[in-house]
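Worksheet: one structure, shown below.
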Amino acid sequence: QVNGKTTDYYKALNKRSIISGNQIYGAQGFGIALARINGINVLNNYVHLANVGKAYRRGIHLENRTNGVTVSGNTVELAGGTGYPSGIGMVTFTDYDTPDHFSNGARRIDIVWNTVKGWGRGIIGKGFAKVKLKNNNLTQFNGTLYDFSDYVPGGSYSFDLVEGNLPTNP
C-alpha cells in the first residue's frame with residue numbers, strides 16, 4: 001500500500017506476480033506487506049525503515065495465509081529507534097483481536113539472497129511452515145539476527161532448508 005491505498009502488481013501471461021525494483025524510504029509501518037496472497041515474487045527492492053513509527057514495523061511483512069512467495073535479492077535497511085523494527089517477518093494473523101481459530105501463518109516461503117542492514121531484528125517469524133532460508137546476508141546488521149517462535153495457538157514453525165546465511169544460520 002502507498003498512503004493507505006493498495007497498489008497494483010504486474011502479472012504477465014498468467015505467470016507469477018512480481019513486486020520488483022521499488023525504492024521505499026522512511027517507512028514507518030510496513031515497506032512491503034503481503035497477506036492472503038498466493039504465488040508472488042518480491043524481487044530486488046530497497047526498503048528503508050524509519051527510526052520512528054509503528055512499534056512492529058517491518059521492511060517486508062508476510063502474514064495471514066501468504067503462500068508460495070519468493071522473497072529474493074532485496075535490501076532492507078533499518079534505522080533502529082523505538083519499538084521492534086524488523087527486516088523481514090512472517091507472522092500469523094492473531095493480532096487486531098482476531099479469534100484464535102482464524103490464526104494462519106505464512107507457508108511455502110523462500111527467503112533467499114537478501115541483505116538486511118542496520119539495527120533491530122533481522123529475520124523473524126511466528127507460526128510459519130515450509131520456509132527456505134538461504135544465502136541471506138546480515139553481516140552489516142547489529143541487533144538480533146533471527147527471532148523465531150511457535151508462540152501462537154496450535155503454534156509451530158518449520159524450515160524446509162536453512163543454509164549459507166551470513167554471518168551464521170539460525
Side-chain angles (χ1 to χ4, degrees), residues 1-10 17-37 40-66 69-96 98 105-106 109-128 131-149 151-152 157 159 162 164-170:
Q1 289 189 342
V2 175
N3 294 328
K5 296 180 180 175
T6 301
T7 57
D8 291 329
Y9 54 88
Y10 174 70
S17 300
I18 301 169
I19 298 173
S20 182
N22 296 288
Q23 295 184 8
I24 302 167
Y25 295 93
Q28 294 183 11
F30 301 132
I32 297 171
L34 303 176
R36 300 185 71 174
I37 195 158
I40 192 166
N41 295 333
V42 180
L43 308 174
N44 305 318
N45 298 285
Y46 173 84
V47 179
H48 174 269
L49 283 186
N51 66 352
V52 296
K54 288 185 173 192
Y56 290 94
R57 60 196 177 279
R58 291 193 184 93
I60 300 174
H61 175 79
L62 311 168
E63 73 168 36
N64 191 17
R65 292 185 275 180
T66 296
V69 171
T70 298
V71 177
S72 180
N74 301 285
T75 298
V76 179
E77 189 166 357
L78 286 70
T82 59
Y84 307 94
S86 303
I88 300 171
M90 305 165 286
V91 299
T92 59
F93 192 66
T94 56
D95 48 2
Y96 317 112
T98 303
I109 309 297
D110 293 349
I111 300 174
V112 297
W113 295 106
N114 298 287
T115 299
V116 180
K117 311 179 192 187
W119 182 89
R121 298 182 305 166
I123 302 174
I124 67 157
K126 291 185 178 186
F128 57 86
V131 169
K132 291 180 184 172
L133 192 64
K134 183 176 177 182
N135 296 329
N136 296 289
N137 186 336
L138 286 81
T139 59
Q140 299 176 54
F141 187 76
N142 295 305
T144 304
L145 294 178
Y146 306 104
D147 185 3
F148 302 115
S149 169
Y151 180 71
V152 293
Y157 66 88
F159 292 100
V162 176
N165 299 289
L166 296 174
T168 182
N169 289 314

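The first residue in the sequence is number 1, and the count goes up from there.
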Which heavy-atom pair separates Asn44 from Ser20 by the least distance, and what is that distance?
CB-OG, 4.3 Å
Partner of Asn136 under side-chain hydrogen bond (donor to acceptor under 3.5 Å, both in side chains), chosen from Thr115, Asn169, Asn165:
Asn165
So do Tyr56 and Arg121 actually touch side chain to side chain, heavy atoms under 4.5 Å?
yes
Please work out whether the ring planes of Phe159 and Phe148 are parallel, tilted or perpendicular, with thresholds of 30° and 60°.
perpendicular
Would you say Thr66's side chain and Leu34's backbone share a donor-acceptor pair under 3.5 angstrom?
yes
Heavy-atom closest pair, residues Pro170 and Val162
CD-CG1, 3.6 Å
Separation of Asp147 CG from Lys126 NZ (nearest 0.5 Å):
7.5 Å
Are there more than 12 heavy atoms of other residues, nucleotides or ligands under 6.0 Å from atom OH of Tyr46?
yes
Test log, rule side-chain contact (heavy atoms from CB on, under 4.5 Å), inputs Val47 and Asn74:
CA-CA 8 Å; Val47 179; Asn74 301 285; over 6 Å; no
Where do Ile124 and Thr144 land on the side-chain contact (heavy atoms from CB on, under 4.5 Å) test, with the steps shown first?
CA-CA 9 Å; Ile124 67 157; Thr144 304; over 6 Å; no
Where do Ala79 and His48 come nearest, in terms of heavy atoms and distance?
CB-NE2, 4.0 Å
Taking all non-hydrogen atoms of both residues into account, name the closest pair between Phe141 and Leu78 and its distance.
CE1-CD2, 4.3 Å
Which heavy atom in Ala27 sits nearest to a heavy atom in Ile24, and how many Å separate them?
CB-CG2, 4.2 Å
For Asn22, is there any backbone N or O sitting under 3.5 Å from a side-chain donor or acceptor partner on Asn45?
yes
Sorted by chain and number, sequence neighbours left out, side-chain contact (heavy atoms from CB on, under 4.5 Å) with Ser72 holds for Leu43, Thr70, Val112, Trp113
Nearest heavy-atom contact between Val131 and Met90 is CG2-SD, 3.7 Å
Inter-residue atom distance Ile111.CD1 - Ile88.CD1, 0.5 Å rounding
5.5 Å
Under the side-chain contact (heavy atoms from CB on, under 4.5 Å) test, residues paired with Ala50 that sit two or more places apart
Gln28
Does the Tyr146 side chain pair with the main chain of Thr168, one donor and one acceptor, at a distance under 3.5 Å?
yes
Side chains of Asn114 and Val71: closer than 4.5 Å at any heavy-atom pair?
yes
